[in-house]
Amino acid sequence: ATTNHLFSSYGSYSVQLIVTSAEGCSDTVSQSIDIYPLPIPDFTFTEVCEGYTTQLTNQSTIPNGSIPNYTWNLGAGQGSANTTNTTVNYPGDGVYPVTLIASSNHGCVDSITKSLSVWPNPEIDWDADPVDGCYPVAPLFNNLTTINTGQVVDWMWTFGDGFTSTQQSPTHSYPNAPGTYDVTLYARSNQGCDTSITKTAYITVRPQPTAIFEYSPETPTTNNPLVQF
């Protein structure tokens, strides 16, 4: 006859088997059984913006013995790793499940899965009107920046003429100086993710002509009425 028993915790247990024959004769045998503990897998991770590397730090423990073997299943086509700690650079923003499998020196295995977030960068865009004209040129910059998750909390416009603005959609007056001006927009999200875009030669200012004339003679007379301009 066989039996099964689930031990509630690890340790050494003395198991005794008593066998009694039909005639009432009996014998007893005892054996010590070692129950090994499961590892307690755990890890921490950094929360990053897209384009940056996530650090995965192993925090696994075991009450008795050691954990010589680890396997990280990183998901999202990033494969696996068999190191104590690891890093991963995900292809974009989103929520990614990561599983850590811990194997003890006695072959006992347990795992844990956590979801980690990669935060998006702002997707910067804008238009302006006018972008080309004679002085005075004072375009309204229409901010079209979006973000997949969260919100944009900080802006910085650089207009290319030494002036800046932290308004979301500012108006800026350019000087009466002929030429083209680069415009840069920097944006930062509530998760600290930031990026910027520069549009080269985006604004063109054409100077106003200065009207002036002279004439002769300065004092015309009836005897000399012809005036040359």
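Throughout, residue positions are numbered sequentially from 1 according to the sequence presented. Keep in mind that this is a model prediction, so the values were computed, not measured.
Using a 4.5 Å cut-off on side-chain heavy atoms (C-beta onward), Leu74 and Val88 make contact. The side-chain heavy atoms of Leu185 and Ile197, taken from C-beta on, include no pair separated by under 4.5 Å. Using a 4.5 Å cut-off on side-chain heavy atoms (C-beta onward), Thr83 and Tyr70 make no contact.
Between Asp125 and Lys199 there is a salt bridge, since a side-chain N of the basic residue sits under 4.0 Å from a carboxylate O of the acidic one.
Under the 3.5 Å distance criterion, with hydrogens and angles disregarded, a donor-acceptor pair is assigned to the side chains of Ser12 and Asp34. A donor-acceptor contact under 3.5 angstrom links the side chains of Thr99 and Thr113, judged on distance only. Side chain to side chain, Asn58 and Ser60 meet the donor-acceptor criterion of an N or O pair below 3.5 Å.
A ring-centre distance under 6.0 Å is found for Phe141 and Trp157. Between Tyr36 and Tyr10, the distance separating the two ring centers is not shorter than 6.0 angstrom.
Around atom CD of Glu214, no more than 12 heavy atoms belonging to other residues, nucleotides or ligands sit under 6.0 Å away. The 12-atom threshold is exceeded at OH of Tyr186, counting heavy atoms of other residues, nucleotides or ligands nearer than 6.0 Å. No more than 12 heavy atoms of other residues, nucleotides or ligands sit less than 6.0 Å from atom CZ of Phe163. Enclosure of atom CZ in Phe7 by more than 12 non-hydrogen atoms of other residues, nucleotides or ligands within 6.0 angstrom is indicated.
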Checklist line | Tyr181 and Phe159: CA distance, side-chain angles, deciding distance, ring-ring contact (aromatic ring centres under 6.0 Å, His included) verdict | finding: CA-CA 7 Å; Tyr181 297 87; Phe159 298 114; over 10 Å; no
Margin query: Please evaluate residues Thr184 and Thr198 with respect to the criterion side-chain hydrogen bond (donor to acceptor under 3.5 Å, both in side chains), reporting the C-alpha separation (whole Å), side-chain torsions for both, the decisive distance (0.1 Å), and the verdict.
Written below: CA-CA 4 Å; Thr184 300; Thr198 298; 2.6 Å; yes
Note to self: Working note: Gln59 + Thr57, criterion side chain to side chain contact (heavy atoms under 4.5 Å, CB included); need CA distance, chi angles, decisive distance, verdict.
What the structure shows: CA-CA 6 Å; Gln59 300 287 327; Thr57 303; 3.6 Å; yes
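The shortest heavy-atom contact between Gln208 and Asn176 is N-OD1, 3.7 Å. Taking both residues in full, the closest heavy atoms of Val95 and Ser115 are given as CG1-CB, 3.7 Å, listed atom of the first, atom of the second, then distance.
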Could you pull out every donor-acceptor pair under 3.5 Å between side chains of residues 24-32 and any protein atom, sequence neighbours left out?
none

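Cation-pi geometry between Lys114 and Phe45 is not met: the NZ or CZ atom fails to fall both under 6.0 Å from the ring centre and inside 45° of the normal.
Separation of atoms OG (Ser66) and NE2 (His106) is listed at 7.5 Å; rounding is to 0.5 Å.
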